[in-house]
Number of protein chains: 2
Amino acid sequence: MSKHHASPQNIKVAVDTAILRIKDGVMHVLLIQMKKAPFQGMWAMPGGLLEDDEKCLLAASRILTTQTGLTDVFLEQLATFDDIDRDPAGRVMSVAYVALLPDQEIKLHTTDKYSDVRWFPVKKLPSLAYDHKQIIKEAMERVAGKIQYTNIVWSLLPREFTLTELQQVYEIILGKTLDKRNFRKRIEDLQLIKPTGKTRSGMAHRPAALYQFKHRKLEYVQVM
Amino acid sequence: MSKHHASPQNIKVAVDTAILRIKDGVMHVLLIQMKKAPFQGMWAMPGGLLEDDEKCLLAASRILTTQTGLTDVFLEQLATFDDIDRDPAGRVMSVAYVALLPDQEIKLHTTDKYSDVRWFPVKKLPSLAYDHKQIIKEAMERVAGKIQYTNIVWSLLPREFTLTELQQVYEIILGKTLDKRNFRKRIEDLQLIKPTGKTRSGMAHRPAALYQFKHRKLEYVQVM
DNA sequence: ACAAAAGTGTTGTTACTACACCCATGG
DNA sequence: CCATGGGTGTAGTAACAACACTTTTGT
């Protein structure tokens with residue numbers, strides 16, 4: 001309803017982005033190390049206060065591009081976190097976003113705002129500022145849920161990939177192994193991907209056929 | 001990350017609640033009619049600006065209680081809506097919530113803030129203020145999705161209910177008819193409900209056995 | 001006795017699971 | 001020729017879909 005009272009609000013709005021990617025067989029999240037008190041030396045998700053004329057999604061996108069240089073990736077709102085004392089500096093609520101990146105070389109852009117930027121396995125997080133531990137947990141739950149009834153897995157894979165790579169993404173996110181033949185049957189039935197005709201050779205085994213997604217945008221399909 | 005800049009923000013935060021309930025066989029949403037310009041005479045979801053020391057969930061709960069007098073109902077965050085010009089009076093973002101109520105007599109509390117309060121079928125909405133049409137649409141999608149993989153259906157039913165009433169809730173939300181025998185088999189397998197021993201008589205047909213949910217809180221189960 | 005909703009089983013079909021061997025390549 | 005991961009089919013089982021009649025009550 002957004003009705004206006006006489007008394008002005010004293011609430012600030014920040015946007016934080018959980019930037020997720022699979023690396024070395026486990027899910028990683030991009031964290032920055034903070035320079036200033038009260039969280040000096042601690043790690044946090046990249047984020048910042050929202051500008052007056054900026055949509056949250058745009059702010060999340062800006063944060064993502066600043067840190068990674070990437071633009072065309074999966075990005076969606078997760079939830080808004082507003083515990084009264086989540087920020088010791090005052091009432092700051094965070095509209096959190098989730099970004100999913102393919103497993104590729106990413107040049108991390110360190111800015112002078114932070115003392116460091118790094119990928120951390122989500123299961124081995126350092127001590128985090130604010131309520132970011134909770135936000136990352138919910139981001140993971142969102143991904144694990146959504147990979148089962150949508151095609152978002154495309155966002156975690158490069159344009160061309162092998163069936164084994166596709167299967168590994170599912171195995172990592174769901175935390176269980178899958179039967180190769182049953183998995184391939186399932187994927188074929190869904191008709192989400194098509195062979196590119198190319199193969200990936202150079203390894204000491206039979207070359208794997210490369211596939212690509214027919215559509216690289218969110219669709220709803222019962223995968224598992 | 002919630003870092004603080006020198007320039008103060010000029011963004012307000014409101015909380016709006018989509019209060020949903022099944023009535024006369026279709027989903028209804030509670031709307032209030034606005035008194036003031038620029039949306040005078042138009043309808044909107046109840047809501048209001050967030051207080052400085054108030055959590056969003058608490059604000060949503062307060063809104064719900066103010067309008068309906070109810071307290072112990074399903075209430076969860078939906079999403080945050082922040083189109084720059086969603087409110088012509090300035091930058092006001094809305095943290096939207098969804099409330100689900102059982103189909104029972106509800107005394108609506110009209111306050112002098114609004115000129116009217118009413119239930120509207122979600123498929124026959126009047127002209128709505130702000131982006132509330134979109135918010136209600138997303139609320140409905142959330143409910144339709146969540147009823148399939150959780151037990152939230154309890155929130156739309158009274159404490160005691162018949163199997164037919166339970167089935168009707170699914171049929172209304174999913175928008176399709178279900179086979180009675182298959183439905184009952186499914187529900188029995190899930191073990192979410194138990195018979196109360198009582199029956200509902202007084203109608204010109206065989207009395208129906210009454211059931212109740214074992215747990216009236218959110219659980220994850222594949223229902224359909 | 002009639003109308004109206006409650007309650008109840010079986011069968012065919014489809015989807016899922018479990019499982020093992022040959023293939024193509026690089027070293 | 002050996003090591004490595006790529007690629008493929010079948011059979012048994014479990015889940016799901018389709019379907020119709022009898023029961024109990026109120027009028």
Side-chain angles (χ1 to χ4, degrees), chain A residues 22 24-26 103 147-149 151 153 157-172 174-213 220-224, chain B residues 22 24-25 103 147-149 151 153 157-158 160-172 174-213 220-224:
Chain A
I22 291 172
D24 307 328
V26 292
D103 184 8
I147 206 171
Q148 299 191 61
Y149 64 91
N151 66 343
V153 67
L157 287 162
R159 185 167 244 94
E160 298 193 325
F161 52 88
T162 68
L163 292 177
T164 300
E165 287 164 357
L166 178 62
Q167 182 175 344
Q168 282 167 349
V169 174
Y170 279 95
E171 291 182 335
I172 290 162
L174 300 179
K176 61 180 179 191
T177 58
L178 302 170
D179 179 87
K180 182 161 56 159
R181 282 168 291 188
N182 294 338
F183 178 81
R184 288 173 182 224
K185 244 176 296 173
R186 191 86 192 93
I187 293 298
E188 187 172 14
D189 290 347
L190 293 172
Q191 297 195 196
L192 297 173
I193 63 173
K194 59 182 179 193
T196 65
K198 296 182 232 170
T199 57
R200 175 168 300 161
S201 59
M203 281 141 293
H205 56 79
R206 177 171 172 177
L210 289 170
Y211 292 80
Q212 62 185 210
F213 278 88
Y220 290 82
V221 272
Q222 194 63 37
V223 182
M224 312 253 105
Chain B
I22 291 172
D24 306 328
D103 184 8
I147 205 171
Q148 300 190 60
Y149 64 91
N151 67 343
V153 68
L157 287 163
E160 299 194 325
F161 53 88
T162 68
L163 291 176
T164 300
E165 287 164 357
L166 178 62
Q167 182 175 343
Q168 282 167 349
V169 174
Y170 279 96
E171 291 182 335
I172 290 162
L174 300 179
K176 62 180 180 191
T177 57
L178 301 171
D179 179 87
K180 181 160 58 159
R181 281 168 291 187
N182 293 338
F183 178 81
R184 287 172 183 224
K185 244 177 293 174
R186 191 87 194 90
I187 293 299
E188 187 173 14
D189 290 348
L190 292 172
Q191 298 195 196
L192 298 174
I193 63 174
K194 60 183 177 190
T196 65
K198 295 182 233 169
T199 57
R200 176 167 300 161
S201 59
M203 281 140 293
H205 57 80
R206 177 171 173 177
L210 289 169
Y211 292 81
Q212 62 185 212
F213 278 88
Y220 290 82
V221 272
Q222 194 64 36
V223 181
M224 310 251 106

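The sequence lines fix the lettering, A, B, ..., with proteins before strands; numbering per chain opens at 1.
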Rounded to the nearest 0.5 Å, how far does CD of A:Q168 lie from OG1 of A:T162? 7.0 Å
Atom-to-atom span, CG of B:L190 to P of D:dA15 - whole angstrom: 12 Å
Kindly say whether A:L157 contributes a backbone atom to a donor-acceptor pair with the side chain of A:E165 at under 3.5 angstrom? no
One should read off an interatomic distance between A:I193 CD1 and A:L210 CG, to the nearest 0.5 angstrom, of 10.5 Å
So B:L163 and B:F183, do their side chains get closer than 4.5 Å, heavy atoms only? no
Take atom CD of A:E171 as the centre, draw a 6.0 Å sphere, and report whether it contains more than 12 heavy atoms from other residues, nucleotides or ligands. yes
From CD of B:E188 across to P of C:dG9 the rounded distance in Å is 10 Å
Rounded to whole Å, the CG-P distance (B:L178 to D:dA18) equals 11 Å
For the side chain of A:H205, starting at C-beta, report the closest nucleotide among C:dA6, D:dG5, C:dA18. D:dG5
Any A:R181 side-chain N or O less than 4.0 Å from OP1/OP2 of C:dA18: no
Out of D:dG9, D:dG6, C:dA6, minimum distance to the side chain of B:A208 belongs to C:dA6
I want to verify a distance call: between C:dT8, C:dC19, D:dT23, whose nearest atom is closest to the B:R206 side chain? D:dT23
Given D:dG6, C:dC19, D:dT25, the nucleotide with the shortest approach to the side chain of A:K180: D:dG6
Rounded to the nearest angstrom, tell me the gap between atom CD in A:E165 and atom C1' in D:dG5. 12 Å
Need to verify one output field. Residue with the more 5' nearest nucleotide on DNA chain C, B:T164 or B:K185? B:T164
Mapping A:P207 and B:P207 onto DNA chain D by nearest heavy atom, which one lands closer to the 5' end? A:P207
Atom-to-atom span, CD of A:Q168 to P of D:dG5 - whole angstrom: 10 Å
Specify the separation, in whole Å, of atom CZ of B:R184 and atom C1' of D:dA17. 17 Å
Quickly work out the B:L163 CG to D:dT23 C1' distance and round it to whole Å. 16 Å
C:dT8 C1' sits how many Å from B:D189 CG, rounded? 15 Å
With the side chain of A:N182 defined as its heavy atoms from C-beta on, choose the nearest nucleotide among D:dT24, C:dT17, D:dG7. C:dT17
